[in-house]
2 protein chains.
Amino acid sequence: MSVGIKDVARVAEVSPATVSRVLSGRSVDPAMKERVLAAVQSTGYRPNLAARRLRSKHSNTIALIVADIRNPFFTAVSRTVEDIAYARGQRVILCNTDEDPAKEAMYLQLMQEERVTGVILAPTRQGGDRAKMKLDFPVVLIDRAGSGWTHDRVVLDNGAMAAMLVEHLHEQGHRRIAGLFGAASSTGIERRAGFEQSAAALGLEAEALSVVHGPGEAERRVTDLLNRADPPSALIASNGVMLMAVMRAVHAAGRSVPQDVALAGFDNDDWMELVGGGITVIAQPVEEIGRTAMAMLVDRIDHPQAAARKVVLAGKLIARGSSAAPVRTNRKQA
Amino acid sequence: MSVGIKDVARVAEVSPATVSRVLSGRSVDPAMKERVLAAVQSTGYRPNLAARRLRSKHSNTIALIVADIRNPFFTAVSRTVEDIAYARGQRVILCNTDEDPAKEAMYLQLMQEERVTGVILAPTRQGGDRAKMKLDFPVVLIDRAGSGWTHDRVVLDNGAMAAMLVEHLHEQGHRRIAGLFGAASSTGIERRAGFEQSAAALGLEAEALSVVHGPGEAERRVTDLLNRADPPSALIASNGVMLMAVMRAVHAAGRSVPQDVALAGFDNDDWMELVGGGITVIAQPVEEIGRTAMAMLVDRIDHPQAAARKVVLAGKLIARGSSAAPVRTNRKQA
DNA sequence: ACTTCTTAAGAAAACGTTTTCTGATTATTC
DNA sequence: GAATAATCAGAAAACGTTTTCTTAAGAAGT
């Protein structure tokens, strides 16, 4: 049925080993090489990657495991990772954990069976048992860090970036701010910490809310916030998805940004320049995150025993209309 | 080193074949099954999928090939496909063609080597040579159709949906409209045709623009349009990415939706309820598209010889503020 | 010119499974 | 109770490659 390397060998009148050598670019007699290539053409031979992987023990496959590919941050990183991987002759398998540690563990097991070359992982917060799993492929963590110090990682300087947002709002004249932070990721925790510290340092009235992962949760918290007798003048959201939720809730409450409440957050998703006079955000270097993660992965494959490294990248504050001065405060100052 | 099925067999004091049978759930003596399972636990055995695939000739892998995963439409479909695939014990490999027929062909070749179970493909327009490639796995086309009738496909009723948009704008009082349609996909072509036909039927002044794939192109066309002496009162864009581009261009030109120009289009992306009073769109049933494609794929695997099928799904018009009546026309009518 | 080193190609082993084949034991039928 | 059928477990083959081993021939060194 399917044409194999033996068929090619027969047509080219050489041994299967020689065909293999030609295909893997090792040195063979030019005349033979010619014959083999011609035979490959004429037979329409396509290598069987399963067989190749079994024998060679190289899967040429990496896995990218993230919370949810629909989060534009992960989408962007994934695109970069895929481009680089395919350019290097590597296949990419994509997995969504939905912030579920059990799913994460299941996928890591699966990748073990897949004998992947390596994994790029945005870990869930509770996935602490990962260390115990004894994975025999390198793992590079992205976005989330976790406390253990076992894997390479590339992360944003979350605390500093959150502080930058707080300081920006402070400069704009905001004195009462609230922040929404994802409870499921270490990223949320770190950004929250940066938020609280810098707010304290600036003497702001600040309230940090932990939002559990799930649809509608962030909206509800924002709605509660807005319906208070004395709502904050500015909100911070710890990622792009949550910023969207905040915008929706503000909208639904009949308020608008920045007139009724200012807004700032993380992730420079496409839509953000279009609403509320543009959303002020910390733009993450998504392309660089993907690139760095891939670079660390291949480097780790070459040097399995090297010490674990951590790359911390800076984000960029993009100030837009959403963080304008509060109306009342303005008046007082004028 | 790595523990194999033979090691498990030795520990459990059974033959490798028996271990295989236990693992694949075939009937074996309960006592033996017990011993094997215990041995699997104690040895920490993990099957080697490459070997399994080689021998069993089932890759349990499907590929999803789309233009660009960053397009939210494809992201959403991909998420559904992945969930279903993993639930069925199938791995998913993701590929981005960037509307490049050469890349598409390359990936299809690669999937051939991968011996994938099947492929879900959003084909590029010029990829007509696909028929000649003699792929030995089933292919289900999504989103784009193409003219050949060789593969199963699940598509939107593009012509009818475009007409629905035109009619909606007409009802709102618009008489001069322009449409931007992607030139790279059959989808763009079909939507354009529906646009032109229904505009003609309604006696509208309508202009259809073909936009080649690439960054900034759509923005430029819209900017030109808006700078004309007598610009159209409403715009239609043939997908969500293009709607974003239109919004950007309108913004950059200092105009706003719907006051200066009305807007409607395809794809109900997250941000669309937030800008310009909400964008009026045809929402595609993304989840159903993914589900249907997977269903067709598995069905095709079971019945390779059945006739090719085409599933046409309806979208849903979501009328929002962006398609409000034109200001001047309103006055005339009042 | 003879040994030694290098290079190249074929033969055969190996990769880790599943499947086929074979023989033995148990169940079923008359 | 004997003959036949059905079940089950182990031995061995098979999947399609790459790699190791072996042998032969040519290059290089003395």
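So you know, we letter chains A, B, ... as the sequences are listed, proteins then strands, and number each from 1.
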Take the protein atom [atom1] of [X] and the nucleotide atom [atom2] of [N], then report the distance between them rounded to whole Å.
X: K6(A); N: dT18(D); atom1: NZ; atom2: C1'; result: 13 Å
X: H58(B); N: dT17(C); atom1: NE2; atom2: P; result: 17 Å
X: N60(A); N: dT17(D); atom1: CG; atom2: P; result: 15 Å
X: R26(A); N: dG10(C); atom1: CZ; atom2: P; result: 14 Å
X: L23(B); N: dG16(C); atom1: CG; atom2: P; result: 16 Å
X: R10(A); N: dT17(D); atom1: CZ; atom2: P; result: 13 Å
X: E13(B); N: dA9(D); atom1: CD; atom2: P; result: 15 Å
X: R115(B); N: dT17(C); atom1: CZ; atom2: C1'; result: 17 Å

* To do: Using only heavy-atom distances, determine whether the side chains of T75(A) and S78(A) contain a donor-acceptor pair under 3.5 Å.
  => no

* Asked: Salt bridge between E114(A) and R53(B), side-chain N to carboxylate O under 4.0 Å?
  -> yes

* Electrostatic pair D29(B):R35(B) at N-O distance under 4.0 angstrom -> no

Selection from [options] that lies nearest to any side-chain heavy atom of [X]:
X: A51(A); options: dA9(D), dC15(D), dT17(D); result: dT17(D)
X: I5(A); options: dA12(D), dG10(C), dT18(D); result: dT18(D)
X: K57(A); options: dC8(D), dT18(C), dC15(C); result: dC15(C)
X: N48(A); options: dT17(D), dG10(D), dG10(C); result: dT17(D)

Mark yes or no for a side-chain to base donor-acceptor pair under 3.5 Å between [X] and [N], with no hydrogen or angle criteria applied.
X: R52(A); N: dT17(D); value: no
X: R55(B); N: dT17(C); value: no
X: R46(B); N: dG16(C); value: no

* Where each residue is assigned the nucleotide of DNA chain D containing its nearest heavy atom, which of A17(B) and V19(A) is assigned the position nearer the 5′ end? -> A17(B)

* Closest-nucleotide ordering on DNA chain D, the 5'-leading residue of S56(B) and R21(B) -> R21(B)

* **Interface with DNA chain D, restricted to residues 31-43 of chain B and to heavy atoms under 4.0 Å** => M32(B)

* For A293(B) and I142(B), which heavy atoms make the closest approach, and how far apart are they? -> CB-CG2, 3.7 Å

* Of the non-hydrogen atoms in R144(A) and V155(A), which two are nearest, and what is the gap between them? -> O-CG1, 3.9 Å

* Working to the nearest 0.5 Å, report the span between CD1 of I93(B) and OG of S59(B). => 8.0 Å

* Do the side-chain N or O atoms of S20(B) get closer than 4.0 angstrom to the phosphate oxygens (OP1, OP2) of dT19(C)? -> no

* **N or O in side chain of S15(B) less than 4.0 angstrom from dA11(D) OP1/OP2** => no

* Verify the neighbour count for atom CD of E34(B): are there more than 12 heavy atoms of other residues, nucleotides or ligands below 6.0 Å? => no

* So M296(B) and D299(B), side chain to side chain contact (heavy atoms under 4.5 Å, CB included) or not? Walk me through it. -> CA-CA 5 Å; M296(B) 289 182 91; D299(B) 195 66; 5.6 Å; no

* Report which part of the nucleic acid S27(A) touches: base, sugar-phosphate, or nothing (heavy-atom distance under 4.0 Å, all strands). => sugar-phosphate

